[in-house]
Amino acid sequence: MRRLLFAAAGLLASTTLSLGQGALPDNLAKLGAFKTTGVTEFTVIEQGGDYAAGIKKTLERIKMPDGFKIDLYAIVPDARHMAVGPQGIVTFVGTRKSEVWAVTDRNKDRVADEVKNFAPSLPKSIPNGPCFTDDGFLIIAEQNRVLLYPAAEFFYESPDVVAVPIVPGGELIPVEEESYNHTARVCDIGPDGKLYISLGQPFNVAPAEKLELYNEVGIGGIIRMNIDGTDREVYTYGVRNSVGHDHHPVTGELWFTDNQVDGMGDDIPPGELNRQTAAGQHFGHPWYGGGDVRTNEYAGQEVPVDVVMPAVEMVAHAADLGMHFYTGSMFPAKYKNAIFSAQHGSWNRTTPVGARVMVTFIDDEGNARSEPFAEGWIDENGEYLGRPVDVTQLRDGSILVSDDLAGALYRISYEGN
């Protein structure tokens with residue numbers, strides 16, 4: 001695998017690839033040929049001061065089960081989805097803008113010492129979704145491109161880091177389907193060693209004339225492929241906009257969150273946490289807006305597919321995003337293999353809901369139940385003090401929570417008996 005990827009990198013020096021809008025920057029070819037770009041400066045984020053103090057003040061109001069503690073881990077602008085390096089050296093944090101941040105805790109006091117932008121010599125477009133392969137290759141899913149960084153955890157100190165296209169620019173989705181809406185991709189490596197990527201469809205409810213194309217490409221679903229980009233296939237259908245998925249550490253089943261249809265009222269349709277047990281299953285969109293609530297646009301129509309209903313129905317419009325199966329040993333035993341997930345919070349509900357971390361417990365038969373785990377980011381005036389996006393796990397068994405409103409990462413640890 002390593003020889004294959006580095007051979008592909010060498011070919012980039014003589015290859016022009018489309019980014020969807022014009023030619024790919026020359027820097028990608030230079031990096032693939034192990035040449036310098038001339039970029040020397042990083043953006044380094046200040047970690048102290050009044051801004052950090054304000055966030056710490058907010059964290060004093062967060063309620064969690066007894067024994068748990070939440071602390072500010074890092075100031076990270078626009079922090080979205082996260083990937084912790086296998087060596088535990090650095091955490092990579094995506095954004096919906098143009099930066100990926102490298103967050104380092106050098107002295108291992110469980111507070112970040114340094115936050116700076118990753119690979120600043122390479123322009124990026126909505127690099128929301130980082131994930132790691134088992135052998136330590138960083139993958140970043142952008143809006144319409146997927147790049148692999150074979151040695152990111154060891155060469156992030158340099159502005160130049162070799163990058164190899166897994167899916168070249170303009171080939172993740174058709175260029176004409178690029179949109180400003182539902183553009184945040186997430187990725188994960190399955191127990192089969194394949195790369196899974198979610199592709200949200202851009203509409204509130206996908207129109208009928210788009211369904212054939214979307215089913216073919218995987219828009220409004222989750223695709224999978226080999227790490228080198230070959231053997232791409234649509235794994236999951238009928239998804240409105242999933243921005244969080246992970247594989248069960250025991251069964252290997254894919255679980256994912258899904259944001260459901262807007263404009264149907266404050267209390268319907270429910271958000272979803274879904275369990276997929278086989279390739280090709282369909283999860284209801286656009287005939288269902290969430291749970292068993294039919295969409296207005298397809299009301300009365302016969303549903304032409306077999307639909308898998310959600311494992312858990314979440315509160316309507318809470319915007320369930322990133323999720324992670326807990327495999328650590330720091331937390332009490334009941335949390336082993338439970339899902340920690342982030343609710344970003346409603347954007348147009350009359351009374352805001354969400355802005356919290358949920359925990360979902362799954363029994364041996366796959367039945368699931370969810371409950372709040374950390375909440376308090378909505379104050380008594382209905383104002384958001386933070387909006388959680390993603391959850392991941394550090395090597396010591398604590399978890400990190402990202403917040404793109406405050407621009408921060410929080411660390412939740414357990415100090416009880």
Side-chain angles (χ1 to χ4, degrees), residues 173 177 179-186 198-223 234-245 254-277 280-323 339 341-356 358 360 368-370 387 389:
I173 63 172
E177 296 300 324
S179 170
Y180 58 83
N181 198 32
H182 298 166
T183 56
R185 317 299 185 203
V186 294
S198 62
L199 300 177
Q201 59 80 38
F203 297 91
N204 184 37
V205 178
E209 63 270 17
K210 292 286 188 178
L211 297 186
E212 182 177 357
L213 172 64
Y214 285 6
N215 285 338
E216 177 183 348
V217 176
I219 296 174
I222 298 172
I223 61 174
V234 181
Y235 186 76
T236 313
Y237 296 90
V239 179
R240 181 175 177 270
N241 181 40
S242 175
V243 198
H245 61 250
L254 179 65
W255 290 67
F256 62 93
T257 61
D258 196 7
N259 283 229
Q260 296 306 325
V261 171
D262 294 314
M264 300 185 72
D266 275 358
D267 299 317
I268 61 168
E272 293 185 355
L273 176 62
N274 291 289
R275 173 196 182 199
Q276 185 166 357
T277 58
Q281 290 178 328
H282 198 289
F283 290 84
H285 190 83
W287 294 276
Y288 292 93
D292 61 2
V293 177
R294 294 295 299 272
T295 56
N296 296 328
E297 291 81 353
Y298 291 80
Q301 292 189 23
E302 181 179 351
V303 180
V305 293
D306 292 328
V307 173
V308 178
M309 288 298 170
V312 179
E313 292 189 356
M314 298 291 194
V315 63
H317 310 301
D320 298 273
L321 298 184
M323 55 164 285
I339 296 171
S341 59
Q343 291 188 336
H344 196 225
S346 55
W347 67 273
N348 64 346
R349 195 178 186 277
T350 303
T351 302
V353 294
R356 58 188 178 180
M358 304 291 290
T360 300
R369 60 177 181 84
S370 298
R387 300 190 74 185
V389 175

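Excluded from the calculations below are hydrogen atoms, water molecules and symmetry mates; all remaining heavy atoms, backbone and side chain alike, are included. This chain uses plain numbering: 1 for the first residue, then up along the sequence. Remember, it's a predicted structure, so these values are computed and weren't measured experimentally.
Between the side chain of Asn259 and the main chain of Asp320, a donor-acceptor pair closer than 3.5 Å is present. Put simply, the side chain of Arg387 never gets that close to the backbone of Ala355: no donor and acceptor are under 3.5 Å apart. Between the Ser346 side chain and the Asn348 main chain, no donor and acceptor come within less than 3.5 Å of each other. Between the Ser341 side chain and the Gly322 main chain, no donor and acceptor come within less than 3.5 Å of each other. Not a single donor-acceptor pair under 3.5 Å links the side chain of Glu302 to the backbone N or O of Pro304. At distances below 3.5 Å, not a single donor-acceptor pair connects side-chain atoms of His344 with backbone N or O atoms of Leu321.
Ser370 OG to Glu313 CD: the interatomic distance, rounded to the nearest 0.5 Å, is 11.0 Å. Here the CD1-NE2 distance, from Ile268 to His317, works out to 7.5 Å after rounding to the nearest 0.5 Å. If you take CG on Leu254 and OH on Tyr235, they are separated by 6.0 Å, rounding to the nearest 0.5 Å. Interatomic distance, CE of Met358 versus OG1 of Thr257, reported as 12.5 Å (0.5 Å rounding). Once rounded to the nearest 0.5 Å, the distance linking CD1 of Ile223 with CD1 of Ile173 reads 10.0 Å. Atom-to-atom distance recorded for Gln281:CD and Thr236:OG1 is 8.0 Å, nearest 0.5 angstrom.
Contact detail for Tyr298 and Ala208: the closest heavy-atom pair is OH-N, 2.9 Å. Among all heavy-atom pairs drawn from Asn241 and His182, the shortest one is ND2-CD2, 3.4 Å. Scanning both residues, Pro286 and Ala206, for their nearest heavy atoms gives CB-O, 3.7 Å. Summarising the geometry of Ala311 relative to Trp255, their closest heavy-atom pair is CB-CZ3, 3.6 Å, with the distance given to 0.1 Å. Nearest heavy-atom pair, Pro269 versus Gly289, reported as atom, atom and distance to 0.1 Å: CG-O, 3.2 Å. The two residues Gly200 and Arg185 have their closest heavy-atom pair at N-NH1, 3.5 Å.
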Legend entry - Worked check of side chain to side chain contact (heavy atoms under 4.5 Å, CB included) between Val261 and Asn204: CA-CA 6 Å; Val261 171; Asn204 184 37; 3.7 Å; yes
Inset, instruction - Evaluate the side chain to side chain contact (heavy atoms under 4.5 Å, CB included) criterion for residues Ile222 and Leu199: first the C-alpha distance (whole Å), next the side-chain angles of each, then the deciding distance (0.1 Å), finally the verdict. - result: CA-CA 6 Å; Ile222 298 172; Leu199 300 177; over 6 Å; no
Inset, instruction - Check step by step if side chain to side chain donor-acceptor pair (under 3.5 Å) holds for Gln276 and Asn274. - result: CA-CA 7 Å; Gln276 185 166 357; Asn274 291 289; over 6 Å; no
Inset, instruction - Might you work through the side chain to side chain contact (heavy atoms under 4.5 Å, CB included) test for Asp267 and Val315, ending with a clear yes or no? - result: CA-CA 8 Å; Asp267 299 317; Val315 63; over 6 Å; no
Legend entry - From CA spacing to verdict: side chain to side chain contact (heavy atoms under 4.5 Å, CB included), Asn296, Met264: CA-CA 8 Å; Asn296 296 328; Met264 300 185 72; 4.1 Å; yes
Inset, instruction - Determine, stepwise, if the pair Phe283 / Phe256 fulfils ring pair (Phe, Tyr, Trp, His ring centres under 6.0 Å). - result: CA-CA 11 Å; Phe283 290 84; Phe256 62 93; 5.0 Å; yes
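Considering only heavy atoms from C-beta on, Pro310 stays 4.5 Å or farther from Leu273 through its side chain. Looking only at side-chain heavy atoms (C-beta outward), Gln343 and Val353 stay at 4.5 Å or farther from each other. Side-chain contact between Val217 and Glu177 is absent, with no heavy atoms from C-beta onward closer than 4.5 Å. Residues Arg294 and Val303 form a side-chain contact, since some pair of their non-hydrogen atoms from C-beta on lies under 4.5 Å apart. The shortest distance between side-chain heavy atoms of Val312 and Glu272 does not fall below 4.5 Å. Inter-residue side-chain proximity for Trp287 and Val305 is flagged as met; some heavy-atom pair is nearer than 4.5 Å. Inter-residue side-chain proximity for Val293 and Pro270 is flagged as met; some heavy-atom pair is nearer than 4.5 Å.
Side chains of Asp266 and Thr350: a donor on one and an acceptor on the other come within 3.5 Å.
No more than 12 heavy atoms of other residues, nucleotides or ligands sit less than 6.0 Å from atom CG of Asp306. Within a 6.0 Å radius of CD in Glu216, no more than 12 heavy atoms belonging to other residues, nucleotides or ligands are found.
Looking at Asp262 and Arg240, a side-chain N of the basic residue comes within less than 4.0 Å of a carboxylate O on the acidic one, giving a salt bridge.
Aromatic ring pairs are classed by plane angle as parallel below 30°, tilted from 30° to 60° and perpendicular above 60°; the pair Tyr237 and His282 is parallel.
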